[in-house]
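In what follows, every chain begins at residue 1, and chains take the letters A, B, ... in the order their sequences are listed. Just the heavy atoms: all of them, side chains too, but no hydrogens, waters or symmetry mates, feed the values below.
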Protein chains: 2
Amino acid sequence: MNLRNLRTFVATAEDGGLGRACSRLNLSQAAASRQIHALEAELGVAVFEHVGRGLRLTSEGELLVQRSRQLLADAAMLVEHARAL
Amino acid sequence: MNLRNLRTFVATAEDGGLGRACSRLNLSQAAASRQIHALEAELGVAVFEHVGRGLRLTSEGELLVQRSRQLLADAAMLVEHARAL
DNA sequence: GGTAGTTACGAATTTCGTAACAATC
DNA sequence: GATTGTTACGAAATTCGTAACTACC
C-alpha cells in the first residue's frame, strides 16, 4: 500500500472529481485516475462509481475515505513528531 | 512519506541490523541502507547510530520505531478492512 | 461542441542489485 | 581476513504527461 495513492483518493473524494483534485495535487488527471484504479485493484473494492460524467463515492468508498484520512493524519503526525525531536 | 521505508526501518530495528532484515524483506542490503537514509533525511532525525560494525537505534529512533510500527499496523488494518467489504 | 474520465505510448524519474569501498572486529 | 554498512554505477521498474478515445450533457 501506498500513501500517495491514498492522498489522491481522499483529495478526489473531497473535491468530488478528478479535475479539481489533480490541480491541487500537482498531478495530471490521467495520473490521478491511474492511482485510484491501482488502489481499487489492490483493495479489491470499487471506491468510486460513475454517475453522469463524474465520479461519486460508493458506500465502501465512504467508509474507506474516513479510514484513509485518519491514516494520512497519523502519518503526518509521525513526520511532525520526528521533526520536532 | 513512504510506508515501504518505514517497513524497512522497523524490520532493521527489530532484527538489529541490515543484514538480517533485508533478507526478510527480499531486498539487498544496499537498498535497505538507502531507504533508511532517505527516511532520516526526510524526518531530519538520525534513527540509527553506528556502534562497532553495526547499527543501534538512537533514543529518537526508539520513539519513532514505536509510532512507525503502529502506523504500519493501521495501514494493514485498512487494507484488511477494505478487502473484507 | 464541451466536459469528465480512461487508456496507450514514449519520456522521465525512481529504485534496484552488483561491485567497490571504508570501518570494525 | 571476515563482517557490517555505505556509495557509485548502469539496469530494471515505476510513474509521469500528452494525446487519442469513450461517454455523457
Sorted by position of nearest nucleotide on DNA chain C, 5' first, the leading residue of B/A31 and A/G17 is A/G17

Rounded to whole Å, the CZ-C1' distance (B/R53 to D/dA2) equals 7 Å

In whole angstroms, the gap separating C1' of C/dT15 from CG of B/L39 amounts to 16 Å

Under 3.5 Å donor-acceptor pair, A/R34 side-chain atoms to D/dG17 base atoms
yes

To the nearest angstrom, the CD-P distance between B/Q29 and C/dC16 comes to 14 Å

Whole-Å distance, A/L27 CG to C/dT6 P, equals 13 Å

Please classify the nucleic acid contact of A/A30 as base, sugar-phosphate, or nothing, using heavy-atom distances under 4.0 Å.
base

Between A/R4 and D/dC16, is there a side-chain N or O to OP1/OP2 distance below 4.0 Å? yes

Rounded to the nearest 0.5 Å, the CG atom of B/L18 sits from the CG atom of B/L55 at a distance of 5.0 Å

Rounded to whole Å, the CD-C1' distance (A/E40 to C/dG5) equals 12 Å

In this structure, CZ of B/F9 is separated from NE2 of B/H37 (nearest 0.5 Å) by 12.5 Å

Worksheet item: Shared ILVMFWY cluster between B/L25 and B/I36, side chains joined below 4.5 angstrom?
Response: no

From NE2 of B/H37 across to C1' of C/dT14 the rounded distance in Å is 18 Å

inquiry  = Measuring to OP1 and OP2 of C/dC16, would you say a side-chain N or O of B/Q35 lies under 4.0 angstrom away?
reply    = yes

Note: A/D15 and A/A21 closest approach over all heavy atoms is OD2-CA, 3.2 Å

From CG of A/L18 across to P of D/dA23 the rounded distance in Å is 18 Å

Of the candidates D/dT7, D/dT3, C/dA4, the side chain of B/S33 sits closest to D/dT7

Of the listed C/dG17, C/dA4, D/dG5, the closest approach to the B/S28 side chain comes from C/dG17

Sorted by position of nearest nucleotide on DNA chain D, 5' first, the leading residue of A/N2 and A/V51 is A/N2

Between CG of A/L57 and P of C/dG5 the distance, given in whole Å, is 12 Å

message = Tell me whether the side-chain N/O atoms of A/H50 come closer than 4.0 Å to OP1 or OP2 in D/dT22.
response = no

Under the 3.5 angstrom rule, does the side chain of A/R7 hit a backbone N or O of A/N2 as a donor-acceptor pair? no

